[in-house]
Amino acid sequence: MPAHRYTAALAQQIELAWQDRWEAEGTFHTPNPTGRLSAGFERVADRPKAFVMDMFPYPSGAGLHVGHPLGYLGTDVTSRFLRMDGHNVLHPMGYDAFGLPAEQYAVQTGQHPRVTTEANIAAIAAQLRRLGVDHDQRRTFATIDPGYYRWTQWIFTRLFEAWFDPEQDRARPIAELVAELDAGTRSPAPGTDDSGLPWAELDRVQRRRVVDAHRLAYLNQAPVNWCPGLGTVLSNEEVTADGRSERGNFPVFRRPLTQWMMRITAYAERLLTDLDRLDWSESLKLMQRNWIGRSTGARIRFASSGEPVEVFTTRPDTLFGATYLVLAPEHPLVGSLTAAAWPADVDPRWTGGAATPGEAVAAYQRQASRRSELDRQAEGREKTGVWLGTTAVNPVNGARLPVFIADYVLTGYGTGAIMAVPGEDTRDFEFAEAFGLPVVRTVQPPADFAGGAYTGPGSMINSSNEEISLDGLGKAEAIAAVTGWLVAHGHGEATTTYKLRDWLFSRQRYWGEPFPIVYDADDLPVAVPESMLPVLLPEVDDYSPTTFADDDATSAPEPPLSRATEWTTVTLDLGDGPQQYRRETNTMPNWAGSCWYHLRYLDPADDEQLVDPELERYWLGPRSAGDTGGVDLYVGGVEHAVLHLLYARFWHKVLFDLGYVSSEEPFRRLVNQGYISAFAYTDDRGFHVPAADVVERDGQYLYEGRPVTREYGKMGKSLKNVVTPDEMIEAYGVDTFRVYEMSTGPLDQSRPWETKAAVGSQRLLQRIWRVVVDEVTGAVRVADDVQPDDDTSRALNRAVDGVREGMGSLRFNVAIARITELTNHLTQAYAGERPVPRAVAEGLVLLVAPLAPHLAEELWSRLGHPESVAWASFPHAEQRWLVDDTVQIVVQVNGKVRAQVAVPADADAAALEAAARADERIAGLLDGATVRRVVAVPGRLVNFVL
RNA sequence: GCGGGAGUGGUGUAACGGCAGCCACGCCAGACUUAGGAUCUGGUGCCUUCGGGCGUGGGGGUUCGAGUCCCCCCUCCCGCACCA
């Protein structure tokens with residue numbers, strides 16, 4: 001083996017040395033335009049900025065596998081490329097460190113979660129350093145740092161001190177609401193005042209309650225997802241479709257509790273429409289659209305024995321086909337509408353076997369509250385329900401419709417009540433069949449219609465009264481007509497509803513941000529003033545919330561902080577002298593810290609403000625009219641498609657409304673990196689065997705000589721197919737690992753892992769090394785006095801062009817292919833003792849620098865450059881080398897390639913045709929035939945159509 | 001069920017509507033080697049009577065020309081899932 005070959009050992013030596021030097025020299029320190037971190041800004045003042053960001057990791061302590069760094073490497077390559085290409089690049093990294101795993105570990109070991117969390121952070125930081133990523137270390141922080149969560153709490157107080165003005169479609173300070181209420185220019189929003197008295201007649205506490213009900217962060221007594229097994233409540237987003245906790249897979253129950261909520265629903269429309277202005281993948285936008293779930297339709301009121309029943313429907317056109325109403329079991333009108341007794345001729349299917357409607361309703365409600373979603377599914381979604389013993393009146397035709405409660409109607413969506421149209425709705429049809437209810441068709445089904453609910457298009461039938469007829473109309477006209485009639489008669493109005501619910505923000509955990517809230521003597525919540533932030537997490541003996549049996553639906557939350565009694569009661573002077581207050585003992589959910597971390601990177605040590613507005617404008621502000629602003633490239637996993645990304649957008653919009661940021665959106669361009677899967681193998685007993693020890697022979701897979709079956713799946717311990725970055729770095733060095741990982745496909749694409757294929761990347765780096773360094777002597781072997789020949793100039797410039805294209809589109813595989821082509825050209829054209837011209841060798845080193853930065857630094861340094869290649873200029877392709885003087889033109893006859901001819905690159909169509917006809921083979925094929933048409937595309941081809 | 005995305009050699013992939021398969025893995029052959037799971041060179045879609053023919057999931061269409069655009073179908077992946 002030659003003494004100076006680029007082996008794994010040499011690569012590792014080079015890599016560690018350069019990582020030390022980068023750190024010592026602050027190579028990746030990014031200057032801000034102003035403030036504490038602005039040293040050196042003159043150097044980059046004329047550059048465009050680029051903010052490149054990863055979804056920061058949760059330091060779980062579980063081992064990394066090769067899939068985890070994929071996104072980090074993608075942003076690193078991009079950020080290095082952009083820096084070389086003349087941008088002022090911000091590429092920071094931090095840690096999302098509050099959360100359940102550390103707390104659970106703490107519960108088991110009794111060790112403070114901060115201790116394990118900080119150890120895990122140190123471990124990840126070391127791994128990131130070994131990957132050679134170019135983060136600005138001065139900007140690193142963790143969400144658990146008091147200097148960080150102080151501002152998380154501060155944002156909470158801003159949300160608490162704000163309300164959403166629907167007329168202006170934006171958040172405003174709560175003081176402005178109070179002023180308008182006092183002035184009488186505004187009335188409390190519907191549902192915020194249950195006293196029924198005018199504002200002026202309310203006392204202090206009543207007024208506060210009305211105001212509190214307007215806040216963006218508000219307390220609400222409502223059914224929440226209570227998870228006894230975890231001892232905490234969960235947001236809707238944290239509950240799976242089958243009614244279990246996403247973490248831990250425990251049953252979840254609906255239970256009314258007073259909890260903090262975030263009024264994200266106020267922003268539903270803006271969150272939806274602003275998606276159109278973002279550079280995100282369509283699939284991701286679609287997931288958000290589905291989650292927000294806008295439907296347009298109508299609210300319709302049906303007169304009843306008590307208050308009118310208001311339903312929401314997207315099909316008001318089918319109103320004449322409504323044959324019954326259904327309320328959700330938890331609907332507030334259920335009690336008042338329930339009749340005292342069944343009529344004599346009651347259908348036995350409608351009573352649930354109970355003696356009175358009251359008993360039937362009580363039994364059904366109890367059953368519905370206890371049953372988890374999972375149980376409902378297990379029953380095959382059979383429609384169940386009971387009749388309230390009462391009827392309501394269809395406003396359009398006076399029909400008396402029986403009113404049921406049934407769990408197929410959900411409390412939280414629309415009005416929690418529906419008009420059932422079994423003729424045109426599958427679910428209603430199923431219920432009608434089970435309960436023997438009539439079916440009235442109002443849409444003409446096609447002749448071959450098999451029966452059941454018809455949900456397709458068609459003309460309206462059976463839909464007229466004395467004043468209005470929908471018959472013969474299509475769906476859209478019918479909706480417009482009937483809605484107009486309903487509005488005119490005061491029976492309803494057109495409306496829009498969303499699936500999106502307000503965000504449940506309280507958690508009964510220890511390891512989270514404490515709320516900056518205290519309660520006064522009247523039990524009213526008061527924001528802790530800015531000067532008293534952060535509210536530090538107190539030390540406790542026991543980190544666990546009280547948990548209960550998985551299925552104990554009647555249990556109630558007991559947060560760990562409630563046991564810190566000397567902390568929960570506090571005497572503060574909030575302006576009217578020292579008073580005793582009670583602290584909020586819930587903590588914030590895991591998502592809080594990740595809602596705004598993009599802002600804190602701009603200067604994590606700023607203890608004066610959340611973010612300096614000038615820095616925010618520079619790094620995140622809009623670039624043109626109509627631009628949302630935001631991070632220029634945000635890369636992370638698709639698993640955060642709705643939760644984190646929706647919450648972060650919501651907070652950012654609130655901060656925008658309140659004037660703290662100039663950007664309307666946090667993340668202008670977002671890319672989900674693919675995930676890495678790998679083969680796994682099972683033996684004849686079906687057990688997984690270590691994938692690393694399986695060999696392939698003649699198409700058979702063998703483990704210890706015995707055949708095994710190949711499977712394919714996500715990398716993980718259970719499949720015994722984990723490959724770690726450490727193993728790869730040990731075997732090849734990190735540059736090879738980087739190049740291999742980036743060469744397997746576009747960043748957003750999932751891909752299989754194949755360790756042995758990494759040798760291809762190692763060979764490439766070895767060949768690049770040999771272009772510059774003599775393997776035997778170690779001497780630099782480039783030629784200073786030789787001009788490249790034309791072929792080499794063409795190869796170089798084509799490579800530059802292709803690499804730029806690949807870098808810009810995050811298709812690093814394409815960039816690497818072009819680098820490989822250039823390298824292969826050079827190793828052949830300059831084989832033996834002929835050194836490569838310096839300009840070409842340097843060009844190659846610059847091209848590969850974002851991908852294999854340590855190798856590039858070493859070669860760049862050996863080529864005589866004292867300063868880091870990270871700040872060298874990325875090459876530009878010279879246009880003249882991208883076009884040949886003569887080009888090979890394809891000659892087709894009837895679309896089939898029959899010959900190639902060489903013509904000058906600028907030959908026009910006539911010259912092309914002449915050259916083609918001059919070709920012997922083509923002349924032979926055209927001889928005696930009639931050419932009906934000639935297609936000649938200069939620079940491309942000639943096609944003779946016979 | 002509804003919505004979305006994707007199907008190209010043995011494998012990962014590449015191809016402004018213009019020569020399908022760049023680049024790499026693997027495989028085959030060779031070179032250098034005491035040796036090679038190192039390195040280097042060449043070959044490698046399928047069929048072939050060696051003329052050529054056929055090939056981008058299947059079927060149609062638009063076009064001088066389709067992997068690429070349109071329609072139908074199949075398969076796989078992802079999201080949502082009683083949302084009125």
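Note on naming: letters A, B, ... go to the chains in the order of the sequence lines (proteins, then strands), and numbering restarts at 1 for each one.
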Proximal nucleotide (of rG18(B), rC23(B), rA84(B)) relative to the Asn943(A) side chain: rG18(B)
Touch class at under 4.0 angstrom, heavy-atom based, for Pro2(A) against every strand present: nothing
Gap in Å between the two P atoms, one belonging to rG67(B) and one to rG55(B), rounded: 10 Å
Asn824(A) side chain near rA24(B) phosphate (N/O to OP1/OP2, under 4.0 Å): yes
Whole-angstrom distance between rG43(B) and rC23(B), as gauged at atom P: 10 Å
Syn/anti state for rG9(B) [syn: chi within 90° of 0]: syn
Glu269(A) and Arg294(A) ion-paired at < 4.0 Å: yes
Side-chain N,O (Arg818(A)) to OP1/OP2 (rC22(B)) below 4.0 Å: no
Between rC25(B) and rG42(B) - P atom distance, rounded Å: 13 Å
Minimum-distance nucleotide (side-chain atoms of Thr313(A) versus rC82(B), rA84(B), rG26(B)): rA84(B)
Pairwise C1' distance for rG59(B) and rG52(B), with rounding to whole Å: 27 Å
Gap in Å between the two P atoms, one belonging to rG12(B) and one to rG5(B), rounded: 22 Å
Shortest non-hydrogen contact from Ser761(A) toward Tyr740(A): OG-CA, 3.2 Å
Presence of Arg751(A) side-chain N/O under 4.0 Å of rG12(B) phosphate oxygens OP1/OP2: no
Chi class for rG51(B): syn within 90° of 0, otherwise anti: syn
Candidates rC80(B), rU39(B), rG53(B) - which lies nearest the side chain of Arg898(A): rG53(B)
Any residue meeting ring pair (Phe, Tyr, Trp, His ring centres under 6.0 Å) with Trp769(A), in chain and number order, not counting sequence neighbours: Tyr6(A)
Rounded C1' spacing from rG18(B) to rG9(B) in Å: 23 Å
C1' spacing across the pair rA14(B) / rU8(B), given as an integer number of angstrom: 10 Å
Test: Lys383(A) cationic atom under 6.0 Å from Phe431(A) six-membered ring centre, within 45° of axis: no
Side-chain donor/acceptor of Tyr675(A) to backbone N/O of Val638(A), under 3.5 Å: no
Inter-nucleotide P distance (rG4(B), rU13(B)), Å rounded: 24 Å
Residue-phosphate contact under 4.0 Å: Arg289(A) side-chain N/O, rG4(B) OP1/OP2: no
Those residues of residues 411-426 of chain A lying under 4.0 Å from RNA chain B by at least one heavy atom: Tyr413(A), Ile418(A)
Sugar-phosphate, base or nothing in reach of Ser750(A), heavy atoms under 4.0 Å: sugar-phosphate
